[in-house]
Amino acid sequence: MTAQVSSEFAGVAVEFEGVSKVFGATRALDGLDLEIAPGELLALLGPSGCGKTTALRILAGFEDASSGAVLVDGHDVSRQPPNKRDMGMVFQSYSLFPTMTAVDNVAFGLRLRRRPAADRRRRAEELLDLVGLSPHARKYPHQLSGGQQQRVALARALAVTPRVLLLDEPLSALDAKVREQLREEIRTIQLELGVTTVFVTHDQEEALSLADRVGVMRDGRLEQVAPPATLYDRPATAFVASFVGTTNELPGSMESSGRVRVGAQVLPVDGPAPAAGTSVAVLVRPEAVVVTPHPDGDAIVSVATFRGAITRLRLTRKGAADVLADLPSHRAAELGAGTHAKVELLERPVVVRELA
Amino acid sequence: MTAVVGDTALSSPPLPERTVPRGQRRRLRVGRGVVLILAVLYFFGPLAAAFWFSIDEGNGLTWHAYTNFAQAPGFGSAASLSLELAALTVVLSLLLMVPTLLLVHLRFPRVRTAVELLSLLPLVVPPIVLVVGVSTVIGWGNAGSSGSFRSQLFNQLLNSSPPPILPLEYVILVLPFVFRSLDAGLRTSNTATLVEAARNLGASWPTTVWRVVLPTLRTSLLNGSFLAFALVLGEFTMARLLQYQPFAVWLLQFGNTDGQLSVALSLLSLLLTWALLLVMTAIAGRGPRKAVV
Amino acid sequence: MAQDVPLLAGPQEVRSREQRPARTGRTVGRRLRWSWLGLLPFFAYTALFFLLPTGVVLWTAVRAGNSFTGANLAATVHGAYLTGLEHSVEVSLIDAVIAAVLGLLLAQAVLTSRHGFVHRLVASASAVLANFGGLPLAFLFVAAIGNAGVLTRALSSHLGIDLSGSFDLYSVGGVELVYLYFLVPLMVLVITPALEGLRPQWQEAALNLGATRGQYWRMVATPVLLPNVLGATALLFCSSFSAYATAQALTNGTLSLTSLQIGNALSGNVLTSSQNVAAALALDMIILVVPLTVLYLAMQRRTSRWLAQ
């Protein structure tokens, strides 16, 4: 039955071409250029007000772009009203129609398309089955939990076989446990169906774990679009580095070899290297920091936070900024608060940012 | 008339941005404009006509209605009776409802349904029905031999100045409004948690109520008091049928003597209430933020 | 190890605190036993000044002398009293429906207008007219279109139209017109929260699934609003049916409307056993009005679960 549902979807390409949106004096979107491949799941990630939701709403047709064009399957849809765009959208919360049961909600789009009643019912039940909610088909939204409501919303969006699936922070109103579970299910279903999907979120963990590629946005602009691993390991900008994951910023200076000196170490630079002598901030992930207990070490562990498999240490150093380091918890036992330690960086390329 | 004040009057929620397909926006805007203009005419047409009536002298204008109403025979006593009744009603209803609702919210949440039901029932039973019952009970009281305790009690209730029976019953009439505004205040200010915090920090009960609870309820106390006050000032049915003469009853009687003056006073009373309500709205809009910070 | 303790205890401690019930009665156990006495004044007060008089109405309505009788009630469905009931129902029914439609339109127009001040202006004007309008409204209309009203005179002197020939302010039709002036605002007040409760997501979801605006209103918004609109219309009916001040002021109690007849019976303008007749008429009113008001409250409660927040 899943195969039956999935065979109807044909992933299409989506393209933003220099899309801008101006609300009064603010530029919510500033020349967004973005190509999404057929069947891809792209996450738009950024802090609130970065323009990610505006981009999604322009794609859905709820907002008009001030300039630029949106192409779906190679055709400009900018002049199409939202009800002609054939997209399925899942909202943050409370979007189910309260006077209809779960199955009627799912069948709503098919009712609009004048499909025969028997067809509608069968199709709606298939989709509820797909999201694991068959037992609750006759319940009203207020009788369902938040997670169940979002599953129904997903089934409703998929029922009309949309060309593109739009997810607007669909998990942010849910509890942590449910969020993680539903996140995996969304990914599984999306992969099975192969529907092109745009997923908007402010939660970096969500974006990294779910998407084929992640677009990080700030102030209406795309900072970087890349697969999760690339984004994490090789952030294109300091903003991406600090927004995705946790980053230490350590002072360094450029050597003539195109390498950077941090403390006593000299490390290769990832990406273009600034001129020799330039003062830079060296961006280092906590897991790239090596901590060894040493009575003469210049760093002192101030806080150790247990996080399961790893433990995060905050180290204070005389006359320098604190450093965060992650290490396997079994090694952290000898590094309790107050321990003196030596801090080094792993020998691998680092991202640097020129200091103004 | 069943009195209801919606929440809209006292808060202006963020206007929802509705999504409208491109082609229909213009038509909708025109439709909305027409409705609003008609509404303005509808609301203000009679007001304007009445205002003209109150100053038109046939071949000239006169302001006598607005300058002389204080000297109209009976105005002074009727107005002061109304003010006394309104003040008594406000004080009495707050004395009754504040402790009750505090107890309900802090100690007996299960009784809330019963208290809510009893408080809203006066919306269900119209004043004209209530007054039938009240006057029947008064009739029983007067049936006793004069000099008995019963007849003395009823004599006090009915013939003191101001007659206690009116504020006592007015408390019932304003109960739904006082209940709703206090109940909403207690709920939104999360009083139970505040009280626990204060008690936890070592505050005594009187201190907690006086320094923590009442200040957070300031807006809803003000709101409830205003509604009660305004409703009593305009109350007509019960006062007239129990044969007292506060402002509204006097106004109708005097209307037969001087039409212009009573129209002018009607206008003034509506506009004054409106202005007060706008002030209340402004205060209510500012209140919670102040309370939070 | 000593430093391990805070690390491991931290999160668990927080969780256990959250799970604890919010209110603990035990800490003030001894006070609790007597504090219920604080609720007595409220129940005693409402019993004495509300439940007693209301009960007395029911009692008086079925009494004659020292025995029970249906005669009082029977009398209220004959002759002049029957006419009064019919007029009252007619006025209330027509006005409730007209006011419901107009109020709905106005409330929606106000809500969707971008100007906050239009919103506040109409909301506060509605509150004033709906709650405090009764008597003053009668005067305003007498001044505008009464026998010597501004508009009446203007029309007859400038256009030669005799308003009193076609329209009588002091009749049932006149009362209908004036009642609309507090019923429409009342509708605006009670229906605005319901309209505000229509979530923008519902419209967007409907459009997204291919609905036109009309289809959204028909298939989604109408079923959501219907209970509220029905309930509000019931409330308008009750409000109109039990109104007294406006009609009394307009017609000096001469019009045959149930509320005026109750007032007249109480004022002793009619003959014997007027107290029983007043009570019987009041009972008629209760029989009509109470179920409808309860319907209104029930509808509000029913829909509050999806309109809340």
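Since this is a predicted model, take the numbers as computed values, not measurements.
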Quick one: do B/V111 and C/F43 satisfy side-chain contact (heavy atoms from CB on, under 4.5 Å)? Show the steps, please. CA-CA 11 Å; B/V111 190; C/F43 287 106; 3.8 Å; yes
B/V129 vs C/S242, side-chain contact (heavy atoms from CB on, under 4.5 Å): CA-CA, chis, key distance, verdict: CA-CA 8 Å; B/V129 170; C/S242 56; over 6 Å; no
Can B/V124 and C/V289 be said to form a side-chain contact (heavy atoms from CB on, under 4.5 Å), step by step? CA-CA 7 Å; B/V124 179; C/V289 162; 5.6 Å; no
Check step by step if side-chain contact (heavy atoms from CB on, under 4.5 Å) holds for B/V263 and C/V142. CA-CA 9 Å; B/V263 168; C/V142 169; over 6 Å; no
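Ranked by heavy-atom pairs shorter than 4.5 Å toward chain C, the options B/L270, B/V34, B/V137 are led by B/L270. Comparing C/V184, C/V122, C/V294 by heavy-atom pairs within less than 4.5 Å of chain B, the highest count is held by C/V184. Interface remark: of the candidates C/V57, C/L51, C/V150, C/V150 forms the most heavy-atom pairs closer than 4.5 Å to chain B. Chain C forms more heavy-atom pairs under 4.5 Å with one residue of B/V35, B/L102, B/T136 than with any other, namely B/T136. Heavy-atom pairs under 4.5 Å with chain C were tallied for B/P99, B/S135, B/G234, B/G259; the largest tally goes to B/S135. For the options C/G38, C/P41, C/A125, heavy-atom pairs under 4.5 Å to chain B are most numerous at C/A125. Per-residue heavy-atom pair counts under 4.5 Å with chain B were compared for C/G149, C/A138, C/A249, and the maximum is reached by C/A249. Taking chain C as the reference chain and counting heavy-atom pairs below 4.5 Å, the highest number among B/L175, B/T273, B/L38, B/V132 is found for B/V132.
Both the backbone and the side chain of C/F42 come within contact range of chain B, with heavy atoms under 4.5 Å apart. Heavy-atom distances place no part of B/V195 under 4.5 Å from chain C, backbone and side chain included. Heavy atoms of C/F241 lying under 4.5 Å from chain B are absent altogether. For a residue to count as touching a neighbouring chain, one of its non-hydrogen atoms must lie under 4.5 Å from one of that chain's; by this rule B/L92 touches chain C with the side chain only. Of the atoms belonging to B/P122, heavy atoms from both backbone and side chain fall under 4.5 Å from chain C. Only the side chain of B/V125 comes within contact range of chain C, with heavy atoms under 4.5 Å apart. Contacts between B/L173 and chain C at a heavy-atom distance below 4.5 Å are absent for every atom of the residue. For a residue to count as touching a neighbouring chain, one of its non-hydrogen atoms must lie under 4.5 Å from one of that chain's; by this rule C/L40 does not touch chain B. The parts of B/V131 that come within reach of chain C are both its backbone and its side chain, each placing non-hydrogen atoms under 4.5 angstrom from that chain.
For the residue pair B/L118 and C/T46, the shortest heavy atom distance occurs at CD1-OG1, 3.6 Å. Between B/S269 and C/P136, the shortest heavy-atom distance links the atoms OG-CG, 3.9 Å. Closest of all the heavy-atom pairs between B/P126 and C/M285 is CG-SD, 4.0 Å. Of all the heavy atoms in B/L130 and C/P53, the pair that sits closest is CD1-CB, 3.9 Å. Nearest heavy-atom pair across C/F139 and B/L251 is CZ-O, 3.6 Å. Nearest heavy-atom pair, C/S267 versus B/L241, reported as atom, atom and distance to 0.1 Å: OG-CD2, 3.7 Å.
Between B/S93 atom OG and C/Y45 atom OH the span is 8.5 Å, to the nearest 0.5 Å. With values rounded to the nearest 0.5 angstrom, C/S259 atom OG is found 5.5 Å from B/I128 atom CD1. With rounding to the nearest 0.5 angstrom, the OH atom of C/Y244 is 5.5 Å from the CZ atom of B/F236. One distance of note links CG of B/L277 with OG of C/S126; it measures 10.0 Å at 0.5 Å rounding. Note that CZ of B/F53 is 12.5 Å distant from CD1 of C/I145, once rounded to the nearest 0.5 Å. Note that CG of C/L129 and CH2 of B/W274 are 9.0 Å apart. Values are rounded to the nearest 0.5 Å.
Side chain to side chain, B/T237 and C/Q248 fail the donor-acceptor criterion of an N or O pair below 3.5 Å.
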Side-chain donor-acceptor pairs under 3.5 Å in residues 164-171 of chain B, sequence neighbours left out?
unit_1, atom_1, unit_2, atom_2, d
B/Y170, OH, B/E235, OE1, 2.8

